[in-house]
Protein chains: 2
Amino acid sequence: MTYCVGLQLDRGLVFLSDTRTNAGVDNISTYRKLFTWEEPGERVLCLMTAGNLATTQAVVSLLNERNLAATEREPSLLTVPSMFQAAKMVGDTLKGVIAESHQELVDGTPKTFGATLILGGQIGTSAPRLFMIYPEGNFVEAQEDTPFFQIGETKYGRPILVRAYDPTMDFATAVKLLMVSFDSTIRANLSVGTPLDLQIIEKDALRLGFSRRIQESDPDWRMISDLWSDALRQAFHSLPDVTL
Amino acid sequence: MTYCVGLQLDRGLVFLSDTRTNAGVDNISTYRKLFTWEEPGERVLCLMTAGNLATTQAVVSLLNERNLAATEREPSLLTVPSMFQAAKMVGDTLKGVIAESHQELVDGTPKTFGATLILGGQIGTSAPRLFMIYPEGNFVEAQEDTPFFQIGETKYGRPILVRAYDPTMDFATAVKLLMVSFDSTIRANLSVGTPLDLQIIEKDALRLGFSRRIQESDPDWRMISDLWSDALRQAFHSLPDVTL
């Protein structure tokens, strides 16, 4: 499994992903699932991946190869004119990789190696944009009513996101919110785990902002994880009693 | 979908279930999923169901028919000597109904109408016991380390249960906890909905205790639902800032 969240704020975009990859519970690895590209002063992009690791690694490799060999007729993530075109390129690449690896097993069962992606960033003078890209290659964009995307194990960490998200929050508060959401998820699902990869993209900076690998021993992570249980219990006990 | 939780407390057992049944999002009905039996002074049982409605209704009907026609060699829920034997009987009935309705579709695809159950209660001088019964007919029992069971849409409402559960809590606090857990679930999953059915079984009372159908307009339910969002936001903002 995986857990990644991309948040759209008035100040920019925030991305947090876990790094656990597993093939069964007895085969666990750490793989980066958050990837970034920038042309300082001109564009900045961040991609997070959930799903089959062979598929997502192939997508990132193909995007990187294209960056090295882009032409005017075949642009790359570093040359496409808009975030919409970037999402389309990533979606087409994803769809292509999935189609190529699709096969029928010996018994005739179809086998597909799917993946779902979150892509966000800013190009030139356009506003920052955030997309969720499906295995079919199509995608939806975040907007006021749906200002964040989750992929992977989305359920445990959703209630706090829905209730505490505020588009005007500063980056430190947004990171705190994501840490709380990840804490609930990691405690409940063994296949989501630290370290976490954080990336902030500040609006109009047009370069990669603050990033951090958050280890299990990270003091902020430990603090949030420890204090959140107490805060949640206190919030619960602050509710008035029901009548029986 | 469905959401049911059974809690084991020092004071007894608490059960809460939703009532929404759906076949697609355009075909929604209200069906009771919480069933009780008692022989006052001797035994009391509560069963909650998740899964295929035809299966769970057949299981309850068969259990009720058996109550009317029990013999010494074929006991019923009203005559079995222990909660373990009650769980075994319910599990065997469930397994039988599933086996009988299992079929192959015209194209050869196997089709199974599964269900999962929570059974709790108390018989005679034994302690109250709580079981989760699987479609295979076998079952596990709640114990100190795992003092509650959830069936159906379990993920959204789990983080608060895990953190705020305390075996010494009184019934009113336990009901409040379950209402918070259900609120998170109902807000996130359209296929879980009010009214809710509540049943309390007090230890050693050996009769059905407090029960209540909680409608959407129920003042306690509305209060918890409204205040919990604020309490959760306050809890979040009470956390210290992280450093960026």
Side-chain angles (χ1 to χ4, degrees), chain A residues 14 108 153-166 169-181 183-189 198 200 202 209-212 214 218-221 223-244, chain B residues 14 108 153-166 169-181 183-189 198 200 209-212 214 218-244:
Chain A
V14 185
E153 174 56 276
T154 61
K155 293 186 177 183
Y156 296 109
R158 190 170 177 84
I160 185 63
L161 280 183
V162 170
R163 276 150 168 147
Y165 168 87
D166 176 350
M169 62 188 8
D170 60 30
F171 287 125
T173 308
V175 171
K176 191 164 74 173
L177 175 58
L178 291 178
M179 281 188 177
V180 168
S181 177
D183 179 56
S184 291
T185 309
I186 286 175
R187 278 172 190 253
N189 189 327
L198 169 68
I200 292 175
E202 197 177 344
F210 184 84
S211 74
R212 177 160 135 201
I214 299 165
D218 181 285
D220 281 329
W221 171 251
M223 174 190 72
I224 296 295
S225 182
D226 292 344
L227 294 182
W228 179 239
S229 284
D230 295 340
L232 205 55
R233 265 190 294 270
Q234 278 174 28
F236 170 67
H237 288 293
S238 77
L239 295 176
D241 279 342
V242 300
T243 50
L244 290 188
Chain B
V14 185
E153 173 57 276
T154 61
K155 293 186 178 183
Y156 297 109
R158 189 169 178 85
I160 185 64
L161 280 183
V162 170
R163 274 147 169 152
Y165 168 87
D166 175 350
M169 60 188 8
D170 59 31
F171 287 126
T173 308
V175 170
K176 192 163 74 173
L177 175 58
L178 290 178
M179 282 188 176
V180 169
S181 177
D183 179 55
S184 291
T185 309
I186 286 175
R187 278 173 190 251
N189 189 327
L198 169 68
I200 292 175
F210 184 84
S211 75
R212 176 159 138 202
I214 300 165
D218 181 284
D220 281 329
W221 170 252
R222 292 258 46 86
M223 174 189 74
I224 295 295
S225 182
D226 292 344
L227 295 182
W228 178 241
S229 283
D230 295 340
L232 205 55
R233 264 191 294 270
Q234 278 174 28
F236 170 66
H237 288 294
S238 77
L239 294 176
D241 280 341
V242 300
T243 50
L244 290 188

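Here is how names work: the chains are called A, B, and so on, in the same order as the sequence lines, proteins then strands, and each is numbered from 1. Note that the structure is predicted; figures quoted are calculated from it, not measured. All values below come from the heavy atoms of this structure, side chains included, with hydrogens, waters and symmetry mates left out.
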A:Ser238 versus chain B, the contacting section by heavy-atom distance below 4.5 Å: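 Only the side chain of A:Ser238 comes within 4.5 Å of chain B.
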How long is the gap from [atom1] on [X] to [atom2] on [Y], to the nearest 0.5 Å?
{"X": "B:His237", "Y": "A:Leu177", "atom1": "NE2", "atom2": "CG", "result": "8.5 Å"}
{"X": "B:Ser211", "Y": "A:Leu244", "atom1": "OG", "atom2": "CG", "result": "11.0 Å"}
{"X": "B:Arg233", "Y": "A:Asp166", "atom1": "CZ", "atom2": "CG", "result": "9.5 Å"}
{"X": "B:Thr243", "Y": "A:Phe210", "atom1": "OG1", "atom2": "CZ", "result": "7.0 Å"}

Less than 4.5 Å to any heavy atom of chain A: does that hold for the side chain of [X], its backbone, both, or neither?
{"X": "B:Val242", "value": "both"}
{"X": "B:Tyr156", "value": "both"}
{"X": "B:Pro219", "value": "neither"}
{"X": "B:Ser184", "value": "both"}
{"X": "B:Trp221", "value": "neither"}

What heavy-atom pair brings [X] and [Y] nearest, and what distance separates the two atoms?
{"X": "A:Phe236", "Y": "B:Thr173", "result": "CZ-O, 3.5 Å"}
{"X": "A:Met223", "Y": "B:Pro240", "result": "SD-CG, 3.4 Å"}
{"X": "B:Leu239", "Y": "A:Trp228", "result": "CD1-CE3, 3.7 Å"}

Winner by heavy-atom pair count (cut-off under 4.5 Å) against chain B, out of A:Thr154, A:Val175, A:Thr185: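 Result: the option with the highest number of such pairs is A:Val175.
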Chain A interface, residue from B:Ser229, B:Gly157, B:Ala188 that has the most non-hydrogen pairs under 4.5 Å: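 Among the listed options, the one with the most contacts to chain A is B:Ser229.
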Largest heavy-atom contact set with chain A, pairs under 4.5 Å, which of B:Met179, B:Arg187, B:Arg212: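 Among the listed options, the one with the most contacts to chain A is B:Arg187.
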Check: A:Asp241 and B:Asp220 side chains under 4.5 Å, non-hydrogen atoms: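 B:Asp220 vs A:Asp241: side chains apart.
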Sole candidate of A:Asp226, A:Asp183, A:Asp230 that passes salt bridge (Lys or Arg N to Asp or Glu O under 4.0 Å) when paired with B:Arg163: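 Only match with B:Arg163 under salt bridge (Lys or Arg N to Asp or Glu O under 4.0 Å): A:Asp183.
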Residues that B:Arg158 engages under salt bridge (Lys or Arg N to Asp or Glu O under 4.0 Å), provided they are two or more places apart: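 Applying salt bridge (Lys or Arg N to Asp or Glu O under 4.0 Å) to B:Arg158 gives none.
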